[in-house]
Amino acid sequence: MFAFNSTWSPDSIMTASSTFKNAFQYRNFIYASDSSLEVPTSTDRMEALLGRIDWATSGNFRDNVDYPKALAKVISSEPILKAIDVERKTGRHLHVITEENMLTEFKYGRSLLSVK
């Protein structure tokens, strides 16, 4: 699996989709792979998978927090999007970003000089 920060660029999911068999966006990150990327969509399934982690030895976690339940709630609160979903959301055809076009940064990106 390859994951990268999309910097909220909608074209980044199209770029990943053109290179890998499977790609999706969660918040501002793109996850891509040639292997199957099945992400559980039900909160119960996520909670069950997160429950497999040994939270006591995985880091500095508090004993009185139900981490699987809390994380499943946070993760399921945001949609997991495919390229077609992002394209619908943006209302424009998405492009593959290359070093020759840098579309996202210059053609569709917000100007650094704009004041809002």
Side-chain angles (χ1 to χ4, degrees):
M1 180 192 304
F2 178 66
F4 65 94
N5 186 337
S6 72
T7 63
W8 297 108
S9 160
D11 294 307
S12 61
I13 184 70
M14 183 58 77
T15 305
S17 295
S18 74
T19 305
F20 295 94
K21 291 179 184 175
N22 302 287
F24 68 87
Q25 179 177 336
Y26 176 74
R27 297 185 49 93
N28 65 317
F29 264 78
I30 305 298
Y31 299 88
S33 176
D34 283 334
S35 301
S36 176
L37 289 174
E38 292 186 36
V39 179
T41 54
S42 84
T43 305
D44 292 338
R45 179 79 177 118
M46 265 188 249
E47 193 174 329
L49 290 170
L50 291 165
R52 294 171 151 181
I53 298 171
D54 179 2
W55 296 97
T57 61
S58 296
N60 189 14
F61 297 101
R62 295 185 205 146
D63 292 335
N64 60 346
V65 175
D66 186 350
Y67 288 101
K69 185 175 192 126
L71 286 171
K73 183 177 178 182
V74 169
I75 292 168
S76 65
S77 70
E78 294 282 339
I80 294 170
L81 305 171
K82 297 261 185 200
I84 190 71
D85 303 319
V86 175
E87 193 167 64
R88 273 192 219 116
K89 188 176 173 184
T90 61
R92 69 171 175 84
H93 177 71
L94 300 180
H95 302 278
V96 173
I97 303 167
T98 69
E99 67 277 0
E100 295 176 6
N101 64 17
M102 297 300 289
L103 282 172
T104 302
E105 304 302 325
F106 300 108
K107 187 172 183 179
Y108 298 107
R110 202 174 108 219
S111 169
L112 293 173
L113 302 175
S114 67
V115 178
K116 285 193 176 188

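Residues Asn5 and Phe29 come closest through the heavy atom pair N-CE2, 3.6 Å. In plain terms, the two heavy atoms of Ala72 and Leu50 that are nearest each other are N-CD1, 3.6 Å.
The OG atom of Ser12 sits 4.0 Å away from the CD1 atom of Ile30 when rounded to the nearest 0.5 Å. Met14 contributes atom CE, which lies 11.5 Å from atom OG of Ser9 (distance to the nearest 0.5 angstrom). Taken from CD1 in Ile97 to CD1 in Ile13, the straight-line distance is 11.0 Å, to the nearest 0.5 Å. Between the NZ atom in Lys82 and the OG atom in Ser17 there is a gap of 7.5 Å [rounded to 0.5 Å]. Atom CG of Asp11 is separated from atom OG1 of Thr90 by 7.5 Å, given to the nearest 0.5 angstrom. From Phe20, atom CZ reaches atom CE of Met1 across 11.0 Å, with rounding to the nearest 0.5 Å.
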side-chain contact (heavy atoms from CB on, under 4.5 Å) between Glu87 and His93: does it pass, once the steps are laid out?
-> CA-CA 6 Å; Glu87 193 167 64; His93 177 71; 3.3 Å; yes
Starting from the C-alpha separation in whole Å, work towards a yes-or-no answer on side-chain contact (heavy atoms from CB on, under 4.5 Å) for Ile80 and Gln25.
-> CA-CA 6 Å; Ile80 294 170; Gln25 179 177 336; over 6 Å; no
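For Asp66 and Lys73, the salt-bridge test fails: no basic side-chain N is under 4.0 Å from an acidic carboxylate O. Ionic pairing of Asp85 and Arg88 is present here: one or more N-O contacts between side-chain nitrogen and carboxylate oxygen are shorter than 4.0 angstrom.
Taking hydrophobic clusters as Ile, Leu, Val, Met, Phe, Trp and Tyr residues chained together by side-chain heavy-atom distances below 4.5 Å, Phe4 shares a cluster with Val96. Note on Trp8 and Ile84: separate hydrophobic clusters, where clusters join Ile, Leu, Val, Met, Phe, Trp and Tyr whose side-chain heavy atoms are under 4.5 Å apart, directly or indirectly. Note: the hydrophobic cluster containing Tyr31 does not contain Leu49 (ILVMFWY, side chain heavy atoms under 4.5 Å, direct or indirect links).
Asn22 and Asp34 share no side-chain donor-acceptor pair at under 3.5 Å.
Between Tyr26 and Phe24, the gap from one ring centroid to the other reaches at least 6.0 Å.
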